[in-house]
Amino acid sequence: MSRLTALIVAALLALTACSGSSPQSGPKSLRMTVWTANEAHLKLLNEIASEYKASHPDVTEIKFDSIPADGYTTTLTTQIAGGNAPDLAWILEESAPDFVSSGALAPIKAKVEKADELVPSAIKLWEKDGELYAYPFSTSPFGLFVNTDLVEELPKTWEQAVAASAGKNLVLPDFKYQNWAVLSAIWRGWGANAWSEDGRTCGFSSQEMKDAMTFVHKAIFTDKAIPGPGTTVDFFAGNAAMAVSQISRAGALKDAKFGWTLLPLPQGPKGDYAVIGQAGVGVLKRSKNADAAADFLGFFTNSANSAKLAQFFPPVRQSLLNAETLAKSNPLIKPEQLQSVVIDGISKGVVKPSHQGQEELNQTIRAALDPLWKPDANVGQVLDGVCAKIKPLLERP
């Protein structure tokens, strides 16, 4: 059992013993933890909450508790362990296996409107034994933003992307030489995986991963395309040729003084592919208002509200996955871009790496990869070292 799973299970046992965990009668107040502090996001969330309260007078308050993205899961599990669990919580894809397996989340499938229209591959991470334990409200493929003032010919392959970005910067805004899983947006093009499908075998020492990471290392230290460690470059301020990111970042380009476009991820040696970042919203089983929270989750994720949320968080509802519908809430992105990056990406993409015990795996892999971010690094040796470090974690019952 992973450290995070063990913490959640211990917290649940503690909450079970608390007399205060019985359902609350009378007026109800709900709290949902979120990692966004973006004003536009919160405005929309509060509008949806106000609409719900208007037809549910027994729910007097719905509060969105913004927790910084860095350390979000740690803060959330600390709240759970301290007996201060929220009623609902946003959950990162990397934490999904721990939350789903621990029993921390209440089943919600019965509350989800038209659950049969959800893209099957997109809800797989949040299911167990045929039940749904969180709704993947944000299923966002990575794409390639291109500054067309700095790039003359749009790239089709990673080789072309790096060549066009040499000296002009190809950035991965969420990587920062810490969040290694973001690199899956590149190495999946080589057919590489962090681990086997059953999660038991390390993939970092595979030839596919070594080839991909050799390419990344060269792009940093030889081609001078990807900014090196300690260097911050902002594509959205016009300071880079390209950026690997998701459509939720497009809002930052509303007043851009440069030309830009959005493309699917470039082809790797294995051809076309897509990588998805995902987040679910679930109901904490030990919430005093779990029934009310589940009912609000059903409202929050219904077809109408999913369409509203789609301007920031791409949906998994088949009825909304068309360029015409998505264009209404994403005016900065052309319909053909929404089709090629978002719709096609969701249909064929794989979610970023996730595993039980991801928190410990993240820390271990991050530390084991540190020697790679030097000009003279031995890529193969470093990656073999990653597998040596995480093998016991992957094989743990």
Side-chain angles (χ1 to χ4, degrees), residues 140-175 177 179-194 203-204 206-228 233 235-236 238-247 249-250 253 258-277 333-334 336-353 372-373 377 379-380 383:
S140 189
F142 285 85
L144 186 72
F145 286 89
V146 179
N147 181 331
T148 53
D149 287 2
L150 296 178
V151 177
E152 294 182 6
E153 188 172 345
L154 298 179
K156 294 183 179 180
T157 68
W158 275 112
E159 292 281 359
Q160 293 170 353
V162 166
S165 300
K168 299 178 183 179
N169 298 308
L170 191 166
V171 299
L172 292 84
D174 298 318
F175 174 41
Y177 292 88
N179 187 3
W180 61 269
V182 172
L183 292 176
S184 63
I186 297 178
W187 43 252
R188 281 291 303 170
W190 275 253
N193 294 289
F204 279 91
S206 70
Q207 191 57 54
E208 292 86 356
M209 183 67 82
K210 289 178 178 178
D211 290 345
M213 290 298 241
T214 296
F215 176 84
V216 171
H217 188 273
K218 179 176 179 291
I220 298 168
F221 297 105
T222 303
D223 302 315
K224 308 295 182 184
I226 298 176
V233 179
F235 171 87
F236 300 94
N239 301 325
M242 303 180 196
V244 177
S245 195
Q246 295 155 297
I247 67 165
R249 294 286 181 88
L253 294 168
F258 58 93
W260 64 275
T261 190
L262 176 62
L263 305 174
L265 292 174
Q267 293 179 358
K270 297 293 185 180
D272 292 330
Y273 69 103
V275 173
I276 298 169
I333 303 177
K334 297 175 182 178
E336 58 266 29
Q337 295 170 333
L338 290 167
Q339 179 68 49
S340 63
V341 177
V342 180
I343 299 170
D344 293 347
I346 289 174
S347 67
K348 69 183 180 184
V350 296
V351 179
K352 285 166 53 187
L372 186 61
W373 313 129
V379 176
L383 296 177

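Keep in mind that the numbers below use all heavy atoms, side chains included, and drop hydrogens, waters and symmetry copies.
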Hey, are the side chains of [X] and [Y] touching, using non-hydrogen atoms and a 4.5 Å cut-off?
X: Phe235; Y: Phe258; answer: yes
X: Leu263; Y: Pro155; answer: yes
X: Trp187; Y: Met209; answer: yes
X: Val171; Y: Val244; answer: no
X: Thr261; Y: Phe145; answer: no
X: Trp260; Y: Asn147; answer: no
X: Leu183; Y: Met213; answer: yes
X: Ile346; Y: Pro141; answer: yes

Practice problem: Decide side-chain contact (heavy atoms from CB on, under 4.5 Å) for Leu262 and Leu144; before the verdict, give the C-alpha distance in whole Å, the side-chain angles of both, and the deciding distance to 0.1 Å. | Solution: CA-CA 6 Å; Leu262 176 62; Leu144 186 72; 5.7 Å; no
Nearest 0.5 Å, what's the [atom1]-[atom2] distance between [X] and [Y]?
X: Asp344; Y: Gln339; atom1: CG; atom2: CD; value: 4.5 Å
X: Ser184; Y: Lys352; atom1: OG; atom2: NZ; value: 6.5 Å
X: Thr148; Y: Leu154; atom1: OG1; atom2: CG; value: 7.5 Å
X: Gln160; Y: Glu153; atom1: CD; atom2: CD; value: 6.5 Å
X: Ile247; Y: Ser140; atom1: CD1; atom2: OG; value: 5.5 Å
X: Glu208; Y: Lys270; atom1: CD; atom2: NZ; value: 5.5 Å

Which pair of heavy atoms, one from [X] and one from [Y], lies closest together, and at what distance?
X: Ile333; Y: Ala250; result: CD1-CB, 3.8 Å
X: Leu170; Y: Pro227; result: O-CD, 3.2 Å
X: Ala185; Y: Val275; result: CA-CG2, 3.9 Å
X: Val151; Y: Ala164; result: CG1-CB, 4.3 Å

Quiz item: Are Asp174 and Arg249 close enough for a salt bridge, meaning some N to O gap below 4.0 Å?
Solution: yes
Self-check item: Option passing side chain to side chain contact (heavy atoms under 4.5 Å, CB included) with Val379 (candidates Leu372, Val216, Asp211)
Solution: Leu372
Quiz item: Does the pair Ile186 and Leu172 meet the rule for a side-chain contact (heavy atoms from CB on, under 4.5 Å), with working shown?
Solution: CA-CA 10 Å; Ile186 297 178; Leu172 292 84; 4.1 Å; yes
Quiz item: Are Tyr273 and Trp158 close enough that their ring centers fall under 6.0 Å?
Solution: no
Exercise. Using the side-chain contact (heavy atoms from CB on, under 4.5 Å) rule, take Ile226 and Phe221 through it: C-alpha gap first, then chi angles, then the decisive distance, then the call.
Key: CA-CA 8 Å; Ile226 298 176; Phe221 297 105; over 6 Å; no
Practice problem: Tell me, yes or no, whether the heavy-atom count around Gln267 atom CD, taken from other residues, nucleotides or ligands under 6.0 Å, exceeds 12. | Solution: yes
Quiz item: Got more than 12 heavy atoms from elsewhere within 6.0 Å of NZ, Lys156?
Solution: no
Self-check item: Among Phe204, Trp373, Phe175, the one residue meeting ring-ring contact (aromatic ring centres under 6.0 Å, His included) with Trp180
Solution: Phe204
Quiz item: How would you list all residue pairs meeting side-chain hydrogen bond (donor to acceptor under 3.5 Å, both in side chains) that involve residues 212-227, not counting sequence neighbours?
Solution: Lys218-Asp223
